[in-house]
Structure formats: structure tokens, C-alpha cells
Amino acid sequence: KLQKLKDLLIERIMYELDDVSVNSPENSIPSLVSFSFKNIKAEVLLHMLESKGFFISSGSACSSHHKDSYVHRALNYENSRSDGTIRISMSEFNTVDEINEFVDALKASVKDIRKITGLK
């Protein structure tokens, strides 16, 4: 079930949003996925989604106590993408409807941030 939810999440985000990359390898655990958005500050996105009832994390899990991610440096991510990294965790209790609601909220938030900043 988790793998199907993760696949739906990745498919919708990659198809419906521009300048985003998925950071999680295909064979990674099904309950966690990481994305990076170009020219988006993850903290801003995190707070916008929080105000809509969605709670996610920013950055890579390996950098939770550090400003700079050695994982992103190893992947040669530029700051415009590394600063926009979010982590989404799911559980067996999540539903397809919740994934779809989250993606809709994410799309609206990314659109608003890019409109405000003028950056794509």
C-alpha cells in the first residue's frame, strides 16, 4: 500500500510541477520520499503547507542538525535546489485522497511562492 501511495505522490508531483526533482532512489523505503524544488526555500514551503494542515520536513534526513547537506553536495546540487528540499513521510494509515489533497496544496503553495518571488 505504501509503495502505491509513494508512486502516486511521485507521479503527480513530477508530472504537475516544474523545476522539481525526486531525490529518493527507486528502491528506497516506501514510507519516505524527498523532493527538491528549484528557487523555493523549503522553510517557506513547509510553513505554507503547515497552515493548510500538512506537516512535512525540510532538507535531507542526513542534515537535520546541519545547515549544509553533505548528501546534496555529493549529488552536486546547487544551492537553488538544495535549499528547496522537502521530505514527506507516510504511514499505512494514509489514503489516496490524502495524497491527492497534499499534492493539490503543494502545487498551490509552490505557485504562490514562485509568483511572490518572481523566480521559476
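Since this is a predicted model, take the numbers as computed values, not measurements. Numbering of residues begins at 1 and proceeds along the displayed sequence.
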Original post:
Below 4.5 Å, heavy atoms only, C-beta onward: do L106 and F37 meet side chain to side chain?
Top reply: yes
Subject >> Approximate separation, where rounding is to 0.5 Å, of D18 CG and N39 CG >> reply: 12.5 Å
**OP:** Could I get the full list of side-chain contact (heavy atoms from CB on, under 4.5 Å) partners for T95, not counting sequence neighbours?
**Re:** D97, E98
**OP:** Tell me, please, which residues at least two apart from K111 pass salt bridge (Lys or Arg N to Asp or Glu O under 4.0 Å).
**Re:** none
**OP:** Applying side-chain contact (heavy atoms from CB on, under 4.5 Å), name anything that partners S91, two or more places apart in sequence or on another chain.
**Re:** F93, N94
Original post:
Do V33 and R87 have side chains that get closer than 4.5 Å, going by heavy atoms?
Top reply: no
**OP:** Can you sort out the partners of Q3 under side chain to side chain donor-acceptor pair (under 3.5 Å), two or more places apart, ordered by chain and number?
**Re:** D7
Subject >> Residues that E43 engages under side chain to side chain donor-acceptor pair (under 3.5 Å), provided they are two or more places apart >> reply: S58
Original post:
Mind checking what makes side-chain contact (heavy atoms from CB on, under 4.5 Å) contact with D112, not counting sequence neighbours?
Top reply: M48
Original post:
Taking only residues two or more places apart in sequence, or in another chain, which ones meet K1 in a side chain to side chain donor-acceptor pair (under 3.5 Å)?
Top reply: none
**OP:** For side chain to side chain contact (heavy atoms under 4.5 Å, CB included), just list the numbers for I40 and D19, CA-CA rounded to whole Å, side-chain angles, deciding distance to a tenth of an Å, and then say yes or no.
**Re:** CA-CA 10 Å; I40 296 282; D19 292 319; over 6 Å; no
Original post:
Does I88 reach the side chain of F55, with side-chain heavy atoms less than 4.5 Å apart?
Top reply: no
Original post:
Taking side chain as C-beta onward, heavy atoms only, is V20 less than 4.5 Å from I13?
Top reply: yes
Subject >> Test side-chain contact (heavy atoms from CB on, under 4.5 Å) applied to E11 - qualifying residues, sequence neighbours left out >> reply: none
Original post:
Do R12 and D104 come within less than 4.5 Å of each other through their side chains, counting heavy atoms only?
Top reply: yes
**OP:** For a side chain to side chain donor-acceptor pair (under 3.5 Å) with T85, tell me which candidate from S21, S36, S57 qualifies.
**Re:** S36
Original post:
Quick one: ring pair (Phe, Tyr, Trp, His ring centres under 6.0 Å) pairs with a partner in residues 98-120, sequence neighbours left out?
Top reply: F54-F102
**OP:** Would you check, one step at a time, whether the test side chain to side chain contact (heavy atoms under 4.5 Å, CB included) holds for I56 with E50?
**Re:** CA-CA 8 Å; I56 61 170; E50 211 172 79; over 6 Å; no
Subject >> Closest contact, heavy atoms only, K52 versus S109 >> reply: NZ-OG, 3.0 Å
Subject >> Under the side chain to side chain donor-acceptor pair (under 3.5 Å) test, residues paired with K4 that sit two or more places apart >> reply: none
Original post:
Taking all non-hydrogen atoms of both residues, which atom of V22 and which atom of M14 are closest, and how far apart?
Top reply: N-SD, 4.0 Å
**OP:** For R114, enumerate each residue passing the salt bridge (Lys or Arg N to Asp or Glu O under 4.0 Å) test, keeping only those at least two apart in sequence or located in another chain.
**Re:** none
**OP:** Starting at CG of L5, measure out to CD of E92 and round the result to the nearest 0.5 Å.
**Re:** 11.0 Å
**OP:** Would you check if there is a donor-acceptor pair between the side chains of K6 and S28 at a distance under 3.5 Å?
**Re:** yes
